[in-house]
Every structure is written in C-alpha cells, then in structure tokens.
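Here is how names work: the chains are called A, B, and so on, in the same order as the sequence lines, proteins then strands, and each is numbered from 1. Since the structure is predicted, the reported quantities are computational estimates derived from the model, not experimental observations. Just so you know, these numbers use all the heavy atoms, side chains as well, and skip hydrogens, waters and symmetry mates.
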Amino acid sequence: MSTSSLAQPAQPPSGASLRLLLPLLRALRGLAILVAVFAAWEALVVAFAIRPYYLPRPTVIFAALWQTPAPYVQGFLRTLSETLLGFVAGGVFGIGIGLLFFRARALRELVFPLFIVSQTIPVIAFGALVVLWFGNTLLAKAAIAFYLTFFPVTVNTLLGLESVDPRQEALLRSFGASPLQLLTRLQFPTALPQIFVALRLASSLALVGAIVGEWFGDTVGLGVLLLQGMYTENVVSIWATLLVSALLGTGFYALVAAAERAFVFWGAEQ
Amino acid sequence: APARAADLTKATLRLKWLPQTQFAGFYVAVAKGYYKDEGIDLTINPGGPNLLAENLVATGADTFGLSGGLDSVFAARDKGMPVVCIGISHQMTPFVFVARADGPVKTIQDFKGKTVTTWFTGANHVLNAILAKNGIDPALVTIQPQQVSVTPFIDGQVDVITATRYNEYYTIKTRMGEEKLRTFVAEDSGITFPRDTLIVSETTAKEKPELVKAFLRASIKGWKDAFNDPKGAVDTVMAIAPTLDRAHQEFQLAEAKKLMVAGKVPEKGLFWIDMDSVKITQDLFLNAKVISKPVDLGATFNTSFLEAIPLADRKP
Amino acid sequence: MSSAPEMVGTARPRSLTLQRGVLGIVLFVLAWEGIARGFHLPAYTLPAVSDILASIYAKRAVLLTAAGFTLTEALVGYVLGALIGIGLAIVITLIPPTRAVLLPAATAINSVPVVAYSPLILLWFGIGMGSKFVMVALAVSFTVFLSALAGFDRVDRRSVDLLRSFGAGRLAILWRLRLPTALPLIAAGLRVSTVRSLIVAIVTEMLGAYGGLGWVIYQAVLQIDFVQVWGAIFVASAASLAFFGLIGFAEKRIIFWK
Amino acid sequence: MSAPRKAHMAGALAPPAPGAVLSLPLAHRLLGMKESGAFGVCGKCRSLYMVEGRLLTLASSSLPLPAEAAGPTASTSAADARPLLEMKGLSKSFANVTAVSGFEAAIAPGEFVTVVGPSGCGKSTLFNIVAGLEEPDSGSILRFEGRSCHARELLGKVSFMPQRDLLLPWRTVIDNAVIPMEIEGRSRKAARAEAREMLPEFGLAGFGDQYPHQLSGGMRQRVALMRTFMFKRELMLLDEPFGALDALTRTMMQRWLLEVWRKHRRTILFITHDVDEALFLGDRVLVMSARPGRVKLELPVSLPRPRSAELVTDPEFVRLKRILLEAIEEEAMKSFLAPGASGTH
Amino acid sequence: MSAPRKAHMAGALAPPAPGAVLSLPLAHRLLGMKESGAFGVCGKCRSLYMVEGRLLTLASSSLPLPAEAAGPTASTSAADARPLLEMKGLSKSFANVTAVSGFEAAIAPGEFVTVVGPSGCGKSTLFNIVAGLEEPDSGSILRFEGRSCHARELLGKVSFMPQRDLLLPWRTVIDNAVIPMEIEGRSRKAARAEAREMLPEFGLAGFGDQYPHQLSGGMRQRVALMRTFMFKRELMLLDEPFGALDALTRTMMQRWLLEVWRKHRRTILFITHDVDEALFLGDRVLVMSARPGRVKLELPVSLPRPRSAELVTDPEFVRLKRILLEAIEEEAMKSFLAPGASGTH
Ligand SMILES: Nc1ncnc2c1ncn2[C@@H]1O[C@H](COP(=O)(O)OP(=O)(O)OP(=O)(O)O)[C@@H](O)[C@H]1O
Ligand SMILES: Nc1ncnc2c1ncn2[C@@H]1O[C@H](COP(=O)(O)OP(=O)(O)OP(=O)(O)O)[C@@H](O)[C@H]1O
Ligand SMILES: Cc1ncc(C[n+]2csc(CCO)c2C)c(N)n1
Ligand SMILES: [Mg+2]
Ligand SMILES: [Mg+2]
C-alpha cells in the first residue's frame, strides 16, 4: 500500500525533456564506470605484473576481439538465438502448464513432484542424450534452455494465480463473472508480476542452458569458444568470451526487465 | 562428374574432439567439394569432452565417426553397440609421457613413487601396459587424472604428464623449451595403441556400402591435399575455428601426418587397419579387463571398404 | 489481515497430496520401465529403471564415494558462498558507501552465466576440489548476496526509526532487526542454492575432476556404460532432494514466525 | 433461537414494552397504516415496520420530513413496499466456527440500513451470503424480491462492495469502474463513455485515466463505490467501505455518499464498526451480537435528511448513540480479550 | 509566521476575545496564579497556561478535581512545572514539500496532549523530530527539560511509539517488550522479569510467551504500548496507536490507556485522527492545519477524570467536539480532494 505516491497531473514540459535525457545520462554514467573499471584492471595487471595466464590485460582482450571478431559475433548471435528460442518456448510452456496446474489440481499433484525431481538433474548429464535426440541442431540447445526455464515460470505462474485476493475474486463473481472472465480479467493480470520475476530468472537460466548445450559438439557459439579456450589454454579467448557473454546476459536481462516494466506498470506490491 | 545438389546423400561425420588440424583432411575435403563429388552432402560435427562418437553413430544420430580409438571401439562392441571400424587414422600411439629432463625421472623404472597424471579415457591403458611391460606394479605409482591444463607439470607439481604429440606436447614445449623435456614413448616398450578410428554403424555398413566407400575416397583425397598443402589446410581449419593458434595448428598437422603415415600405411595406404596390431591391442584390453571377453574381430573391423579403393589412391 | 474469505482456500488433507505425488512418480517409473522393456530400447537410448536400480546397488560403493565427494564439494562451496554472500550484504549495510562499488561489481559478475566461468576456474584452480569449491561458492554467493541485501533493505524504515529512538546503533539494528527480517529471504536464497550447488559441482566435475558424481558420469559416458550414467543421475537427484529437504527443514525451524 | 431485541419508538409515539409482540392489526391501529402482507411502510414517516416471528420494529420521526428524504414511499406503490431482501433464521457454520446463527432481518426497497457489530461477529459472512458467494446452512430462509431463493441465484443480482476497495492496479479509474458492465457483456466503449460521465459526481473529474496507485485512499474508495454504482442493481451491499480511511476523510466520504445515494436511490446495506457512521448514514441500525452473529438490536434512526456534519452533536443523535453504545459495549467486551478475534485490517 | 489560534476558556471564566493577546501580568490577574518564568500551572485547576509569542492558552475545569486526576501539580514543585518540551517556530522541509512550518507548542510534565490534523499535515514528521530521528530546519527552536537542543540529542531520551505496532514477529510478547531495555544494555534476564510483572496490567497475563501473529490487533497494540512504557522516559510520543483498530476495540483501548497512564504518570503526546479519541484522552487538544502543519487551535479539555465510556455523550464533550469539528472541517477539506494526500494506512 503506497502511502504517498502522488498523482501528478500533467508533468511540466521541462519534466518531459528531462525524462528523455535521464536515461541518456544514466547510460553515460554507466559507460564512464565501465571505462574506469577497465582502466583500473589494466593498471592493476601492469602494476602487479600479473601473469596473463591468470588475468590478461583488458587491452589484450579487446585486441583479440578486434582482430578476430567473427567467431565472437557469430557466437553471440548463435547463442542469442538458442537462448531466445528456449526462453520463449519455456516461457510459453511454463505459463501454459502453470494455468493447467491451476485449473486441474489432481493433475498438478500427480505431476508436480516429478517436475521438482527433474530440476535436480544436472542438464549436462543429459546433454549427450539431447544431442542424440535432437541432433546437432539449434533445437538441441534450445531444448536445454527450455528445460531450465519452464520450471521456474510454471512455479511462479501457479504461485501468482494462487495469490489472487479471494476477496477480489468474490467481487468479480458477485458481478456474475464466468471462470474465463475471472482468468483474463483478474487471475492472469495478478499473476503477471510473479511471472515476470520468473522470466527474469529464466532469462539467465536460458543463457546457461544454451552455453552448456553448446558443449555437446556444436560448431558455433559462446559455449564452443569457452570450451575451445579451455582446452587450448587460451585465457585471452576465454576472457573475451566472458565479456561477450556478459554483454549478452545483461542485454537479454535488460530486455526482459524492460518488458516487465512495460507490462507490469502498476508497480506490483509484494 | 560432380553430382547435382538434389542427388546428394546427407551424411554427418562426428569427430572425437573440437575442430583442429588433427582433423584437417576432412575439413579440406569438405572445402574442396570432394564429398559432393562423391554424391555426399557431409556435415562435420565436432566432438567434446562429454560426447562419445560410438554412441552417436550406433544410434544413427551421426553417419560416420572419427572416434577415440581402438579402446573405445572395443568398449562399444563389448557393450553391444553395433559399430564397425572402417579405418584407423593414427597408426601409432599418439601419446607420449613427459618428464623434466633435469628431473628425477630418467627411466620408466623411475615412475615408481612418482606422481604421474594421465587421462582415464584411453591413455591410462597405455600407461598401465608400459608399466606392466617394464615389470612395475601400478600400485607403486601415484596415478592421477590429468588436469585440463599442463600448468601443474610446468610448475613442478607433477613428475610425469601424458601429452598428445600434437596438443599438450606443443604447449609444454613452447612454454618450457624442448631441451628441458624427456619423453617416454609406448613403442619403445613394444606397445602400439592405434587411435582415431573411423566408424559406421552396422546398418550403414550393410545397407550403404557405396556411401562408405565414397566417404573414404573423398576423405583420403582431402588428407592427401592437406599433407601436400599444409598451409592451405590450416587456413581451412582456422576458418572454422578462428580463435585457434596458427603455429600450434601447423605443428599439429605435421604431427598428425607422422601418426597417420606410420606403420603399414606406406604399403597399405591411409586409414589401413592392421589386424596384427588390433589383436595385440585386444589382448592388452583383455588383460586390463577393459573388455570382458574377446570381441568378434571380423564383425568389428571391415577393410573391404578401403580395399574397394585402388591402393594407389590410398597411398599417402 | 485475516479476513473471512481469505480462509476459503481449503486446507486439504496433506496425505492426499502426498499420495497423489507418490502415485505420479510410481506411474512415471512404471511407464519408463514399460517403454524401455516393451520396445527393447538399448541402454544407450534409455535403460530400464530396474536395471538402473540394480546397477546402483551393484555399484553402491563407487556411487556412495562419488556422492560423498560431490556433496563435500557442494557443501563446502555452499557454506563458503553463503558466508561470502551474507558477509558482503552486511558490509554494504553497515558501511553504506561501499554499496556504490560492491553492488555494480556483483551485478556485473553475476551477469555472466556461472557455467561460463568454469573453464577459467578449472584453469586457475585445477581439476581438484578447489575449483569446485570456487564454482559452487560463486554460484551460491550471488544468489545469497542479492537475497540478503534485498532482505536487509526490505526492513521497515519505521522499525529502524523505532529502534533508533531507543538509542540503538547500526550494529544493534542489524543484529536485532535487519538480520531476522532478512532471514526469510536469505533462507529462500539458501534453499534455491542447494540444488544449484550440487548441479554446479557436477557440471564442473564433468569438465575435469578426480572424483565425484560428475566424474562418474563422464567416465561412464566414455566407457559406454549408460546404466551407470543414469545411476549416477539418480543418486545426484536424490542427494539434491535430500540437501533441499534438509535446508527446508532447518528453515522451518529457524523461521517459525512466518 | 430468537435474539433478544428491543423495539424502540422515537418521537411522539409511546414505545411498547421492550420485546413486546404485537399483532399486525395492533401495529396498524398504533400507526394507522394500510396493510401490505406481513410488511409495510408507514406512509407518513417513511419508516418500516416488520412483523416476523416475535419481532416488531417501529420507527417514526417527530421531525418534518424533507422532500428529498422521503425514502421508498416517495415513488413506490404498495406492491414495491414489500421487502426487497428478507432473511429468516439465517445461519452459517464453517469447519469449526458458527459465524452467523439465526439472523433475521428484512430490508425495504430504497432503505439505507447500517449494520454494526464486534469484529468477527459474522458481518462479512452475512454479506457474502447475500451477494451469492456463499450458501447459508440448510434451514436458512433467504428471500429476494419476494421469492425464496438459493444464495447462488443472487450472483450478479446484487451490487457488492467488499471491505477493501479491491481496485485492479492494472486498470485505470475508468476501466476499474466499468468491470461490472464488461462482465455483463456490455461494449467497453459504451461502458467507458457512461463511466466518464459519472466521474464528476464521484469527485473524480480529470482522474479517469489515472491508475489506482496514483490516487489517495479516499479517491480509491470513491472509485470502488463508483464501480459498485455502475453495477446497477437495486440492492447494494457496502462492507465497511470507509474502514481503511482516517476519521476525517471518512466524515467527508459519508456526507458525499449520502449525496450520491439521494440521487441514485438504491437500497443500501452498509457494514461499519463506527457508531457515529452507522447513525449518520442509516435509516435503521442493526446491532449484531458477538459470534455467532444475530441481530441484538434494531434501532430506527429518526434523524432528518439531508444530514449535515453538525448532526453528530445533535442531542437526538447523541441520545441514539448512547443507546447503541450500550448495546454494543457488552458484545465488544466479549471479543475484546479473545486472541485473534480482531485482526488489524 | 505565527499561526492563527483561538484561546478557549472553559468553565466559570469569561473567555477573552478570540485571538486576544494577553500580557503575562494580565493572565496572572485573570487566573490568580503564581509566576514561574514564562510558564505556569494553575494550582487550582491543573491546567497549563503558556505565554509564548502571541499566544495564551488557558484552561480550567468547573468540575471538582478528582484526586487521581490531579495532573502534574499534584507532586511537582514550581521548578518542575516548566515545560518538559518546548517547540518554537519549528519547521521541516523535504525535497519538495514543507511538512511543518512554524509549529509552536509547549508540553508540561505529566500532561496528556492530543494532536489532531488532516492526513499528511506533518504530525508524524513532528514526532520524528521530537524523537530525535529527524533534524528540523535551521531556525527551529527545540527545548527539552528546559535546555535548547538538537533533535539528535533526543535519541534515546524519548519514548516513541510509531503509527504501527511494529512488533518483531520472531520475538515473543516479553521479548518484544524488553527491546528498549536490551538496547540500553540491561541484562535480558532482569528485563524479562520486569516485563513479566507488567503483563497483567497490560491485559496480557498468560500471553508473555506468545508470538505476535498469535495475538489480536488490540493485544498487539497493547504489547507495543507496553514496550513503549518499558522504555522509561518522561516523555512519551504515541503516533496514532489505535489507528489500525476497529472502532469498538479502539474504545476499549482508550479507556485502558487512561488507566495505565493514571498509574504510570508520564507525559504523553498523542496523535490521532479521531476527534472523539482526542477529547476523550487529552488534557488539551492541538489541532493542526493542513500542510504545512502549524497549530491552528489549542483546546483545553475541561472534562473530569477518570473518564468513562459515557463521556462521549456528555453535553460538555459534545460541545467541545463541535468546536473541534468546526476547526478541523476546513483543514480536512483542503486535503480531501488533493490526490495522494490521504493514503490508506
Ligand atoms: N471461509 C471461512 N472458513 C472458516 N471460518 C470463517 C470463514 N469465513 C469466516 N470465518 C469465520 O467466521 C467468523 C465471522 O467472520 P466475518 O468475516 O463474517 O466477521 P466480520 O463481522 O465481518 O468481522 P470484521 O468486522 O473483522 O470484518 C470469524 O470468526 C471468521 O474467522
Ligand atoms: N522523508 C520524507 N521525504 C519526503 N517527504 C516526506 C517525508 N516524510 C514525510 N514527508 C511528507 O511530509 C508530509 C507530512 O507527512 P507526515 O507523515 O508527517 O503526515 P501525517 O500528518 O503524519 O499524516 P498521516 O495522518 O497520514 O499519518 C507528507 O506530505 C509527506 O509526504
Ligand atoms: C576431458 C579431457 N579428456 C581427454 C583429453 C585428452 N585429449 C587432449 S586433446 C584430445 C583430442 C585428440 O585426441 C584429447 C582426447 C582432454 N584434454 N580432456
Ligand atoms: Mg468483515
Ligand atoms: Mg502520520
């Protein structure tokens, strides 16, 4: 219950331009911090003469990225598509199953423990089987990403749907609402903030799934680069891939968070 | 005449490891269209630490496999996997055991009481065989699984390390200098451990012999090109995996060539399956209880596909 | 907040839920067994459950040792990670200026999927337990750090003011108010971290180890012993569930007021 | 099971003995009203009399009747004067508590009846039943518009406003207000247009496109009331609509509600904890006993309408308040020290 | 910056013209009291008079003074009679709102002063300042026990109870109550023993080892009050302690609070939204203006103590209520329609 959130009638025009400027300023500040961090890193490595094997200088890493950008760009795009595919499939399936479980309690009680058990299985133990089933395709990685994402989404969808205020439900029922009307007008919107919490988590998990999936005989992708870097002891390449992964990770997370802000604009009270 | 795209048969080759010049010939054959010429649309799928080519070939997920070696082929047959070996790439043991030249390990006998690291994925059998041949009780040697990194050896935490001639040995050599190293070779103890086996499933062998032959023809052509133009071959592989180190890959290709043209290959051609060394290896595995019983060598090894190719074409 | 209709959510007998859950698992296992046996699936595609259980029994010594190995890695890493996570959150809470540095750094490190660190960590710390401790601690500490910080921040400003009005300092407020308030969130972080810690340990083991369930799986894959692979998976799953249950139980004991 | 009740008679009429049972003809003779079944409304003083079981409640006002406060009689024929809602021997038990037991009351069309009672005495349960959300125990009699019916038949027939505003945070003021119409299947556009026109009346002009979190508590409550009014049903149930507001805001809302009621002419059943509020708003106050809830007292409020803020210091108001407080005191005490009885809402 | 105020004089004395400025000698002559600096207490009627700037507030009761309601004069010498707390020109601005501006008041030892005012007028801000949690704007004068001081110096010197009970759910009733003593560094054991003895007085006998979630709203509030009482400081600040309770429970709590206060004799500053509550409890009511908060009216409450429930229908009570309502009405209106002004608490 927000106490003092104010209803500002129209913002003054200066506020509008400020609102456009503010994210720009924030981005600039973030960039400045990033540059400062890299500078400090560089200085640290040089000052303490840290062996590049343990920590290469950022300039060396950026040089590697600059000289052979192709594998990193391709890896970024490939891993992104796998992540996206798995994420979307996992999200849709997770929400669907959440709705199903919400409606069919017996089914939920029957299947839910299995779902929980399934989540305790390390994917990597499964990887070989997934390649066996799906082949050396994008689908195999998306399947692993999917496997990691759907469960939290299901759980939170269910939690969200069940967190509906029974008084609110009673109110709508008193207006004569049908079950479908209850779902679309009350239950689903109520669950949305919770669903987005899971989706944010799932965005990271999907990336993990894609990267791990690529450890099973893939040709392109950030996971491939990591593995290759590890077995050739190419620490610079590992770091370059880590930075690209960070970019992908934050970017994808920011995307989901932006979607959350757009869809859950009312500021969920938890 | 080059076959038209529509007539191409789709097929895949599963490698035992990540793309590198160890597999250059296959990549060259793809790049030069030799498979297409044979009517095959071949995709090369890399391997990795948690994949097993035998498994993927046996289930039909991949058509061809360049698998671990005789060890994995025997193990697969022992577990009832219907794989058939149609060729052997590395005719001699690709591993060496490396100690410091100035270190305490001067002979195999010095392994006693020392820390030796090796991979438990085949190389351990070679180590055990060497120890046995030299009358050393393996229990007297501290054998440990080997790190991803060779740094523990370079830092002196490990006395003897296992190295592939084409990978780890290069890394150690460039970091320490070759003169600082002492190597122990399996062949010196009378042991040969052929690796990098080409496999297909029994079904493929039976139903698509022409495909198998065509694949071997194109692959050998690719390898011969790779040997003749190592620079071009390295370029081809580096295009696939650009983060690799060129100097290393050039060295690797040269080493791979040495391993591939060893043994009977000068007379019998590339990928030749020398049944004598196969039998010796089987005995080694039986003794080590890696396999529970002798496998049906006739069903496991099939030289007919190689023999269908004129010997002149097969010779390196 | 106890208004009448809120109680509508009928308290169903727990036993029925439990029965259904067990029934679900039994049905699943039977279907698996039926499919594997009925279609004569080879072990490398899908072994029958009975074969897996028999293999677990036969290899119980190996599996037990491996499970002990992995659990040790997971547990040590877990405790390490939890301490680091909570410690960092405490530092930020007690010394507010550190937030500006630590929080962005943590977020940046956290934006990389944990598994992506494994090559680096394996190169740095070797394939012994050290690398597993670090990986698990890495995975656990961020989850716990973020949840602990959220918990510390979640505390009602008015409660802080109340204690301040009694003359309480920052440390007293942390100890008496922030920590207990944050406990449910910290516990939630700790709970999700249990399964994660085991999975991360296993994943890292599969890239290189001297032992553990991941190593057993890796070896079994290469030795084409798929029944063994599944056996190890079963054991890993059981260990995860046990760890999860243990923490959940401890949580219920400690956070009784929820 | 009949509850102990007092029949109060205000103004010029002499009160009958407390708890007296009057025959219908006697009631007629006393009040000079024409018969209309078992219930009737006094044509002169707009108060309702009921004969149900052993109860007779009579109310009249000694004050002149203002035109706009004429109540149900102003435009209603004798047929309309039969109670809109009638409850007899209404009981409701949950797993281990009996929330309501033997509740009896009748509400005439156009009446504003307020209900007070200690926390947990079953007020909301009663409303849930009348809104059709919950079935009463068997044996309970529920009549709506003269016909005996199941509670669930009332779903969609009664305009219900629960204890909290329960606005949907993802909907604007307008879109919250049109929910009932949307559910009825009306076109959103038409419903929105209608709602937009009603905004000024609810003091929400210019706020139609705001979201609930941008509003003050008082405004949120008005949106909730507007939503209730948009669901055009004869009977409105308001469950402590102002419970969450501070006392000052609440006073404003009360006055405003009476104004809106005056214009829209609905029948209102209104729960409150606040004695001042019950008296200020109602034509009649029902005091409920501690759990299980029954009617402990029915108090007609013989105060003129329109009512203004000063009314709360009017001697008659104070007199009625004293009666109410006395009745409530005992019940409240019962639930005061019991743990869990009164939650913080 | 001085606020418009009215000086009310109850009982036998003729009221001076509203807003009149009386010189100190005049006040003395009028009331026949002995001087004690700028402040004094009437020996006869226990009411406080203050001369600060242009304000004079006088209060007396025409009713006989009951022994237990003798107030601060009963045991205090003239030295003690100087105000415990004094605020002059107190202002507090936040980023873009001025919450309090030019607030002036003095609280005598042992007095029970209630503060009413519309939502958001700065009452809690005022309390935060007096509790030492927030510094007022420069230029504000704050005196405690006669010495001018910074707000932060008051941390740990004033017993403060915020708007919510803020009980710690992981501590039992006893352990919640001993928090202030724990923070003072007292041994837990001794503190617990002391708290245990106080349980019956707070209506919590037998509940010492319960957890907050096992208690009703009224009980929780009593635990919070007990905690406040355990922090033994002369000045107690109670910020709407009963705001979250329903009206009936609240009435019980009020009576009980007076009882506890009668025994413990502390100085209480009490915020409420409820006019009845302010009058029922206070020796004096301060009405604050809408934001920025100032004192709009100071009303001495000349009602006898001990006070019982019936008091709310007493003519004198009703008269005072009318005065208060009138004063508040205008201020409440100001913040009523403003969005965000009154939140749901
Ligand atoms: N669905 C339910 N299951 C079990 N008990 C219930 C249920 N609904 C209500 N009760 C119980 O019935 C009693 C009456 O509840 P109800 O909400 O009707 O009281 P109320 O008079 O509205 O209280 P308040 O003034 O606090 O709103 C309470 O003791 C409550 O706990
Ligand atoms: N820390 C703060 N920062 C900014 N504004 C504040 C802060 N604290 C209070 N305010 C503002 O100051 C004004 C007065 O707030 P305060 O809480 O003192 O009011 P109140 O009289 O206690 O209200 P209520 O009766 O609702 O409790 C409000 O407009 C509030 O929004
Ligand atoms: C986990 C793991 N297993 C095996 C090897 C050994 N190895 C090094 S290079 C290579 C490919 C060509 O034989 C192989 C198998 C390793 N490094 N890491
Ligand atoms: Mg209720
Ligand atoms: Mg306040």
Side-chain angles (χ1 to χ4, degrees), chain A residues 51-54 61 63-75 122-137 139-141 144 211-241 244, chain B residues 10 12-22 27 30 43-63 65-66 119 146-152 154-155 164 166-168 170-172 174-175 237-249 252:
Chain A
R51 278 162 67 190
Y53 178 71
Y54 285 105
I61 299 169
L65 278 169
W66 179 255
Q67 275 154 21
T68 50
Y72 299 101
V73 172
Q74 281 170 14
V123 243
I124 188 165
F126 250 175
L129 281 175
V130 173
V131 174
L132 216 146
W133 293 332
F134 291 92
N136 231 48
T137 57
L139 224 59
K141 286 75 191 174
I144 292 177
I211 287 179
V212 171
E214 286 165 357
W215 288 353
F216 295 90
D218 211 343
T219 44
V220 190
L222 298 178
V224 174
L225 292 174
L226 284 171
L227 209 60
Q228 217 151 41
M230 173 162 96
Y231 284 113
T232 54
E233 295 197 41
N234 188 347
V235 179
V236 172
S237 171
I238 295 180
W239 274 102
T241 315
V244 177
Chain B
K10 275 201 173 300
T12 61
L13 166 65
R14 176 68 64 175
L15 302 178
K16 63 183 282 188
W17 201 247
L18 310 171
Q20 51 190 354
T21 50
Q22 182 185 1
Y27 284 108
V30 169
T43 308
I44 299 179
N45 290 329
N50 296 295
L51 280 183
L52 189 75
E54 275 80 5
N55 189 27
L56 291 159
V57 170
T59 53
D62 287 298
T63 328
L66 182 91
W119 302 299
Q146 187 160 311
Q147 304 266 8
V148 176
S149 162
V150 296
T151 306
I154 292 169
D155 291 350
T164 51
Y166 45 81
N167 252 346
E168 287 77 7
Y170 177 83
T171 313
I172 300 170
T174 45
R175 279 169 73 174
V237 173
M238 292 282 292
I240 303 290
T243 55
L244 293 173
D245 177 67
R246 172 171 281 276
H248 182 179
Q249 292 308 309
Q252 182 168 91

Among Gly48(B), Gly60(B), Ser149(B), the residue with the most heavy-atom pairs under 4.5 Å to chain A is Ser149(B)
ask   = Is there a side-chain contact between Glu233(A) and Arg175(B) (heavy atoms, below 4.5 Å)?
value = yes
Of the listed Thr232(A), Leu227(A), Asn234(A), the one with the largest count of heavy-atom pairs under 4.5 Å with chain B is Leu227(A)
Which of Asn45(B), Thr12(B), Asp62(B), Ile44(B) passes side chain to side chain contact (heavy atoms under 4.5 Å, CB included) with Asn136(A)? It is Asn45(B)
With chain B, the option among Thr68(A), Leu132(A), Asp218(A) that has the most non-hydrogen atom pairs under 4.5 Å is Leu132(A)
Inset, instruction - Would you mind reporting whether Val224(A) and Pro46(B) have side-chain heavy atoms less than 4.5 Å apart? - result: no
For Leu51(B) and Phe216(A), the nearest pair of non-hydrogen atoms, with its separation, is CD1-C, 3.3 Å
Among Thr243(B), Thr43(B), Leu244(B), the residue with the most heavy-atom pairs under 4.5 Å to chain A is Thr243(B)
Bottom line for Ala70(A): the part with an atom under 4.5 Å from chain B's heavy atoms is neither
Interface check, chain B: of Met230(A), Gln67(A), Gln74(A), most non-hydrogen pairs under 4.5 Å belong to Met230(A)
Checked Phe134(A), Trp215(A), Tyr53(A), Tyr72(A) vs chain B; the most non-hydrogen pairs under 4.5 Å come from Tyr53(A)
Q: Verify the neighbour count for atom CH2 of Trp133(A): are there more than 12 heavy atoms of other residues, nucleotides or ligands below 6.0 Å?
A: yes
- Query: Could you walk me through whether Ile240(B) and Thr219(A) pass the side-chain contact (heavy atoms from CB on, under 4.5 Å) check?
  - Reply: CA-CA 8 Å; Ile240(B) 303 290; Thr219(A) 44; 5.6 Å; no
